[in-house]
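All figures in this text were calculated on a predicted structure; none of them were measured in a lab. Counting begins at 1 with the first residue of the sequence.
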Amino acid sequence: MLRLSVVTGCLLAIYFNSVAIAQPAPEAEAAVIREKLTELNSAIQKLKAGREDIRPVADVEVFAKAADWIVRHNEFYKPDYAKWTIEVLDHGLKRAADLAEKRTPWFGRPGTTILGYYSEVDGAVQPFSVTLPSTYDPKSPKRWPLHVELHGRGDTLNEVSFIRSHEGKVPKSDAEYIQMDAFGRTNNAYRWAGETDVLDALASTKRLFRIDDRRVTLRGFSMGGAGAWHLGLHHPSLWSSVGAGAGFCDTVHHLSLKEPLSPLHQQLIRIYDAQDYALNAFNVPTIGYGGELDKQIFASKTMHEKGEQLGVKIPRLIGPMTEHKWHPDSLKEFMAFHAEHTTAGRPRYPAPSKIRFITYTLKYNACDWLIVEEQIKPYEASTVEAEVDGATDTLKISTKNISVLQVMRDVASNIVIDDGKPLVLGTAAGGLLPGVYFEKREDGWIAWDYNQSHKYAAHDNEGDEPRKRHNLQGPIDDAFMSPFVCVRPTGVPWSEQQNEWAKWTLTRFEGEFDKWMRGKVPVINDTQVTDEVVETKHLILFGDPGSNAVLSKVLAKLPVKWTKSGMEVGGKPYDPATHGLSMIYPNPLNPNRYIVINSGHTFHETEFKASNANLFPKLGDIAVLKFTAGQGGFTQEPVFAEIFNQRWQLP
């Protein structure tokens with residue numbers, strides 16, 4: 001039996017000193033909350049009726065969402081939370097009344113305002129806050145710098161406390177930028193849907209206000225520092241500077257692991273371990289901070305040392321005799337660093353003339369004018385060193401572990417990859433596409449023609465075997481970062497035991513996503529899957545080919561054998577009465593989307609409660625789980641787990 005190390009840890013004290021106890025509101029306040037929430041939900045439905053653009057309604061509905069979620073999870077951690085919830089509902093009712101009269105007095109005012117957007121991931125309304133400076137003029141054509149602030153972990157954090165800490169705050173008199181504070185779906189270190197939340201809130205802020213794209217700062221402290229290391233170095237082209245206070249940059253040290261991770265998990269932590277992406281600080285000015293007495297000083301120390309090894313500057317600030325907080329002098333230096341790079345801004349396209357870039361997954365594959373389209377081996381380092389030779393107007397690139405590369409054609413007239421023969425860049429593929437695709441073959445690199453390039457850019461994979469690509473690279477957990485729907489079985493199962501396990505798996509996922517990712521899991525029956533659903537969403541299929549009609553339809557195209565009598569995975573048979581299959585794969589009905597079989601997130605409540613560093617994938621792309629029925633549910637243990645290769649095949 002295969003043993004996979006599953007890290008649980010008990011590191012609650014890393015981000016806070018005590019464990020808050022969730023409890024319901026006192027009955028007197030609970031009755032008021034129920035009444036006002038019903039009234040607000042009714043007003044929201046009226047506001048949505050017949051409205052083409054429901055975006056402004058999100059600014060109202062976030063207040064109802066906050067009250068709904070604090071009630072459904074009994075998150076009244078302190079006596080004031082009930083009073084705060086009533087105040088939140090009153091805010092929502094006032095906004096609903098204003099919007100009904102086509103007024104939005106909260107929008108564009110100086111100070112801090114809670115706004116909302118509807119997430120495409122699950123349809124849930126999510127909050128974020130925007131702070132406008134006192135000098136902000138909505139009629140001015142001025143484009144403002146933006147600071148994106150990531151909060152730390154807090155055991156009493158929910159939508160109500162987030163709104164309470166931001167709504168109606170007065171602006172700082174000396175601020176010369178707009179600030180957006182992301183909610184990040186609470187305490188997941190801005191991973192998975194939490195990462196999507198930051199990027200969606202950023203996109204919403206840019207749509208609503210005049211933001212200078214070249215002057216966006218990312219910063220955070222504690223868990224927010226971990227998020228800044230992660231989002232800053234995985235998306236280096238988005239920011240004019242990145243600043244991480246404390247936080248963590250790796251899994252093994254942060255969790256104080258005494259036993260080594262399994263080989264599978266050693267690969268999978270490379271998705272998020274920011275220390276492995278230190279090279280990308282070459283492309284975005286990055287600074288770290290740690291208090292001299294803070295255990296989390298390890299992150300800034302590690303990133304600084306990694307940078308020195310790579311010839312990349314990652315300066316660090318140390319707060320003298322300071323624990324897990326900002327030292328005032330260090331904070332001044334930290335903000336001065338960002339002010340300097342805000343003034344400079346990111347280089348204008350087609351600059352920069354030089355890029356040094358690394359990724360371990362196609363999820364994070366882009367830097368300015370360069371995109372890593374395909375790797376040779378997933379989760380191994382894929383690096384690019386690229387520089388324009390101005391004298392010859394030639395882009396010279398060295399690569400490692402890359403098989404397909406896209407380069408924007410405006411960078412240079414010609415290109416040389418890995419010391420191969422010169423190739424045309426500026427006018428390649430007829431000069432008809434913004435980017436040029438290059439493929440590595442046995443005899444060197446070649447440029448694709450227009451038809452091949454257009455087909456690839458359009459994700460026209462009909463007749464081709466699937467290939468791992470950006471947002472189609474796995475693992476299982478990746479499916480829950482973009483629009484998905486769970487598909488419930490309605491047919492007659494081949495295995496009653498596996499069907500019960502599958503239904504329990506769905507129920508567990510619904511509960512965990514609701515609590516820890518702050519959204520309701522969308523669920524439909526297999527008989528309700530339309531062409532539009534197939535076109536627009538990842539399909540999360542539960543059951544077996546007998547009970548789930550969609551699973552039956554795609555079964556022949558999957559790299560497993562599955563009959564009424566048994567399953568075969570990786571050439572080994574398994575009994576469906578005691579074993580379940582979980583996997584992710586390009587949907588044969590729409591290869592631009594995933595199917596997932598019998599799985600939600602592969603980490604669970606124990607990991608959410610312990611430390612957000614635990615929120616790395618536990619099962620890879622495909623797994624067989626031995627399950628045992630017990631009181632109130634199932635226990636399960638992976639007996640097989642693996643990552644598909646670049647061609648979505650088992651190694």
Side-chain angles (χ1 to χ4, degrees), residues 14-15 147-153 182 184 189-191 195 198 216-256 269-270 272-342 344 346 356-358 364 367 611-613:
I14 281 181
Y15 287 109
H147 280 220
V148 176
E149 177 80 10
L150 304 181
H151 63 75
R153 176 169 177 166
Y190 309 98
R191 298 182 174 191
E195 173 179 340
V198 176
V216 180
T217 298
L218 175 69
R219 54 186 172 88
F221 184 81
S222 195
M223 185 186 78
W229 289 124
H230 154 46
L231 292 170
L233 298 179
H234 285 75
H235 302 281
S237 303
L238 292 181
W239 325 106
S240 54
S241 61
V242 172
F248 61 90
C249 64
D250 81 309
T251 302
V252 172
H253 177 272
H254 188 69
L255 294 177
S256 301
I269 63 171
R270 294 172 184 164
Y272 279 126
D273 275 10
Q275 65 176 1
D276 293 333
Y277 294 78
L279 180 66
N280 292 343
F282 178 85
N283 310 294
V284 55
T286 303
I287 191 169
Y289 163 81
E292 186 178 10
L293 306 180
D294 185 2
K295 291 182 179 179
Q296 290 186 39
I297 197 173
F298 177 84
S300 58
K301 177 178 181 291
T302 298
M303 298 303 290
H304 175 75
E305 291 173 352
K306 292 279 186 181
E308 285 189 324
Q309 294 167 14
L310 297 165
V312 175
K313 292 182 180 179
I314 306 179
R316 63 188 295 235
L317 302 171
I318 301 175
M321 300 304 294
T322 303
E323 296 184 341
H324 193 61
K325 61 182 180 181
W326 281 106
H327 186 280
D329 293 339
S330 298
L331 182 58
K332 289 180 182 178
E333 290 185 64
F334 183 83
M335 296 304 291
F337 175 88
H338 294 305
E340 175 188 351
H341 292 290
T342 293
R346 286 199 65 79
R356 301 180 68 195
F357 180 70
I358 187 170
Y364 307 109
C367 183
S611 168
N612 36 54

Can you tell if the side chain of Phe357 reaches within under 4.5 Å of the side chain of Leu279, non-hydrogen atoms only? no

Centre-to-centre under 6.0 Å for His235 and Tyr364, is that the case here? yes

Tell me the closest heavy-atom pair linking Leu255 and Ala613, and the distance in Å. CD2-CB, 3.9 Å

Short side-chain to backbone donor-acceptor contact, Glu292 and Met321, under 3.5 Å: yes

Please report the C-alpha distance between Ile287 and Arg316 in whole Å, then the side-chain angles of each, then the deciding distance to 0.1 Å, and finally whether the side-chain contact (heavy atoms from CB on, under 4.5 Å) criterion is met. CA-CA 6 Å; Ile287 191 169; Arg316 63 188 295 235; over 6 Å; no

Of the non-hydrogen atoms in Gly232 and Trp239, which two are nearest, and what is the gap between them? CA-NE1, 3.5 Å

Between Asp273 and Thr251 (side chain of the first, backbone of the second, donor and acceptor by atom type, cut-off under 3.5 Å), is there such a pair? yes

Got Tyr289 and Ser330 here, is their nearest side-chain heavy-atom distance under 4.5 Å? yes

Roughly how far, to the nearest 0.5 Å, is CG of Leu293 from NE2 of His327? 10.5 Å

When the ring planes of His234 and Tyr272 are compared, do they come out parallel, tilted or perpendicular, using 30° and 60° as the limits? tilted

For the residue pair His253 and Phe248, establish whether any side-chain heavy-atom pair is separated by less than 4.5 Å. no

Check for a donor-acceptor pair, side chain of Tyr190 on one end and backbone N or O of Ala182 on the other, with a separation under 3.5 Å. no

Nearest atoms (heavy-atom pairs only) where Cys249 meets Met303: CB-SD, 3.9 Å

So how far is it from Asp329 CG to Thr322 OG1, rounded to the nearest 0.5 Å? 9.0 Å

Atom CD in Gln275, atom CG in Asp250: separation rounded to 0.5 Å? 4.5 Å

So how far is it from Ile318 CD1 to Ser300 OG, rounded to the nearest 0.5 Å? 6.5 Å

Judged by atom type as modelled, is there a donor-acceptor pair below 3.5 Å linking the side chain of Gln296 to the main-chain atoms of Gly247? yes

What are the two closest non-hydrogen atoms of Asp294 and His324, and how far apart are they? OD2-ND1, 2.6 Å

Ser240 and His341 side chains, donor-acceptor separation under 3.5 Å: no

One should read off an interatomic distance between Phe282 CZ and Ile358 CD1, to the nearest 0.5 angstrom, of 14.0 Å

Minimum-distance pair of heavy atoms, taken over all atoms of Ala244 and Gly225: CB-O, 3.4 Å

Between the main-chain N or O of Gly224 and the side-chain N or O of Ser222, is there a donor-acceptor pair closer than 3.5 Å? no

Would you say the ring centers of Phe334 and Trp326 fall short of 6.0 Å from each other? yes

Does His151 have its ring centroid less than 6.0 Å away from the ring centroid of Phe221? no

Side-chain touch Trp229/Thr286, heavy atoms, less than 4.5 angstrom: yes

Working note: Lys295 + His254, criterion side-chain contact (heavy atoms from CB on, under 4.5 Å); need CA distance, chi angles, decisive distance, verdict. CA-CA 9 Å; Lys295 291 182 179 179; His254 188 69; over 6 Å; no

Compare every heavy atom of Gly220 with every heavy atom of Glu149, then report the nearest pair and how far apart it is. OE2-CA, 4.4 Å

Under a 4.5 Å cut-off applied to non-hydrogen side-chain atoms, are Ile314 and Glu305 in contact? no

Looking at CZ of Arg270 and CG of Asp276, how far apart are the two atoms once the value is rounded to the nearest 0.5 Å? 7.0 Å

Applying side-chain contact (heavy atoms from CB on, under 4.5 Å) to Leu233 and His230, what does each step give before you reach the verdict? CA-CA 6 Å; Leu233 298 179; His230 154 46; over 6 Å; no

Leu218 and Leu231, any side-chain heavy atoms less than 4.5 Å apart: yes

Can you confirm whether Arg356 sits close enough to Val312 that some side-chain heavy atom of one is under 4.5 Å from a side-chain heavy atom of the other? yes

Does Val148 offer a backbone N or O that forms a donor-acceptor pair with the side chain of Arg219 under 3.5 Å? no

Decide yes or no for Val198 and Leu150: does some side-chain heavy atom of the first lie under 4.5 Å from some side-chain heavy atom of the second? yes

